[in-house]
Amino acid sequence: TPQAKLGSNTWQINLENGRFHTPFTYLRDTSIKNATVIASPKEITLTESRLLLSPGELRARGSYNPKTKRWSAVLRSNKANVARILNPEWQKRLHGELYGELELTGKQQKLARGAGYLSLQKGVLEGLPILSDLQFHGTMPYRSIPLERAECRLSYPYNDTSHNIRNAWLFDQIDLRAANALLLVKGRVIVGEDKSLGGTLTIGVGAGIVYYVLALLLNMFI
């Protein structure tokens, strides 16, 4: 429909019950519940949209300037399957509902800046290396770990010339806690342009497990 009150050659486009195809695994073959676009020669604005992820949803809004090629977007995830953003190996180990918000700006196909947060609800860790094989009084408490909290902040670009890091994603203020107090992880992770990983994580386990492992080690030498 034309929107003369917003300026000449300005149109409002409403979309409902469509399909959205992208090359990205986390948004491949997505259903569009609804979306509203305001289009003019000067700017194209996505005022609102709701994408069904099955399960969960993604709400998005943003704008694009055809003259400068600059764009911005705000993405908000609600109850999405965390497997959408994980590689095949971690899809076997981490489960839960992903919530979060991400603000992005860029020019043409290049991302300039990004910032936001992620939070995992009903999270479960399974089959972690080393930890999942620990036995404690005849049980294996780290084989499957329900999470009480799992959240972090993220930003782009992260640069550190002293370590030759440029245009990396920074996952900071990581706070992961097991519901049974058997595991605590804090720190930061850096994902480089080449997908290399860096950063520092502090990992804590329950006091009972520590004493149990120490006792086993002492028995080996006494």
Side-chain angles (χ1 to χ4, degrees), residues 22-28 30 51 53 55-62 71-106 109-132 142 144-179 181-205:
T22 78
F24 308 111
T25 55
Y26 49 85
L27 279 182
R28 186 170 294 163
T30 302
L51 309 181
L53 302 179
E57 66 177 21
L58 179 70
R59 293 183 178 267
R61 52 187 172 86
W71 55 268
S72 64
V74 178
L75 309 176
R76 183 177 293 114
S77 172
N78 183 38
K79 291 187 178 181
N81 188 342
V82 69
R84 282 182 172 269
I85 64 170
L86 300 176
N87 62 38
E89 184 63 28
W90 273 99
Q91 287 177 3
K92 305 173 185 176
R93 297 176 177 173
L94 182 60
H95 312 280
E97 298 176 348
L98 185 66
Y99 295 75
E101 183 173 294
L102 184 60
E103 297 185 15
L104 304 169
T105 59
Q109 297 181 351
K110 186 176 181 180
L111 176 64
R113 293 191 176 278
Y117 72 92
L118 294 175
S119 175
L120 188 67
Q121 303 294 325
K122 300 180 181 179
V124 178
L125 278 169
E126 294 183 343
L128 291 179
I130 302 176
L131 282 178
S132 62
Y142 291 101
S144 181
I145 309 173
L147 299 177
E148 178 183 280
R149 177 184 297 177
E151 57 189 24
C152 72
R153 306 292 300 184
L154 65 157
S155 60
Y156 174 92
Y158 174 75
N159 299 304
D160 185 347
T161 55
S162 63
H163 292 87
N164 197 31
I165 298 175
R166 287 175 50 85
N167 298 327
W169 276 96
L170 173 64
F171 293 77
D172 201 9
Q173 301 179 37
I174 294 174
D175 187 358
L176 186 153
R177 305 183 185 199
L182 290 177
L183 181 68
L184 172 65
V185 180
K186 287 182 172 289
R188 54 166 37 184
V189 171
I190 301 166
V191 182
E193 285 184 297
D194 58 353
K195 307 301 181 182
S196 60
L197 296 177
T200 303
L201 292 175
T202 300
I203 301 175
V205 296

Nearest 0.5 Å, what's the CG-CD distance between L183 and E148? 12.0 Å
Report the distance from atom CD of E103 to atom OG of S155, rounding to the nearest 0.5 Å. 12.5 Å
Could you report the tightest heavy-atom contact between E126 and K92, atom names first, then the distance? OE1-O, 4.2 Å
Could you go step by step and tell me if Q121 and S119 meet the side-chain hydrogen bond (donor to acceptor under 3.5 Å, both in side chains) rule? CA-CA 7 Å; Q121 303 294 325; S119 175; 3.2 Å; yes
Nearest 0.5 Å, please: how far is CH2 in W169 from CG in L197? 15.0 Å
How long is the gap from CZ on R61 to CG on L75, to the nearest 0.5 Å? 10.0 Å
Heavy-atom pair of closest approach, residues G96 and L120: C-CD1, 3.6 Å
Could you check whether any side-chain heavy atom of L58 comes within less than 4.5 Å of a side-chain heavy atom of T30, counting everything from C-beta outward? no
Would you confirm whether Q91, through its side chain, and L86, through its main-chain N or O, come within 3.5 Å as a donor-acceptor pair? yes
Any non-hydrogen side-chain atom of I190 less than 4.5 Å from a side-chain atom of D160? no
Close side-chain approach of L118 to Y99, heavy-atom, < 4.5 Å: no
Keeping R84 on the side-chain end and L53 on the backbone end, is there a donor-acceptor pair under 3.5 Å? yes
Just verifying a value: how many Å separate L147 CG and K122 NZ, rounded to the nearest 0.5 Å? 14.0 Å
Crowding at CG, N164 (>12 non-hydrogen neighbours, <6.0 Å): no
Return the CZ to CG distance between R188 and L154, rounded to the nearest 0.5 Å. 13.0 Å
Indicate the atoms forming the closest heavy-atom contact of G192 with A168, along with that distance. CA-CB, 3.9 Å
More than 12 foreign heavy atoms under 6.0 Å from CZ of R93: is that the case here? yes
Would you mind writing out the side-chain donor-acceptor pairs for residues 170-177 within the sub-3.5 Å range, not counting sequence neighbours?
unit_1	atom_1	unit_2	atom_2	d
D175	OD1	R177	NE	2.9
D175	OD2	R149	NH1	3.0

Stepwise side-chain contact (heavy atoms from CB on, under 4.5 Å) check, N159 with N167: CA-CA 6 Å; N159 299 304; N167 298 327; 4.0 Å; yes
Contact between L98 and N81 at the side-chain level, heavy atoms closer than 4.5 Å - yes or no? no
Quick one: does L104's side chain get under 4.5 Å of W71's, heavy atoms only? yes
Do any pairs count as a salt bridge (charged side-chain N to carboxylate O under 4.0 Å, His left out) and have a residue in residues 192-202, sequence neighbours left out, and if so which ones? none
Excluding sequence neighbours, so at least two apart, what forms side chain to side chain donor-acceptor pair (under 3.5 Å) with E57? R50, R59
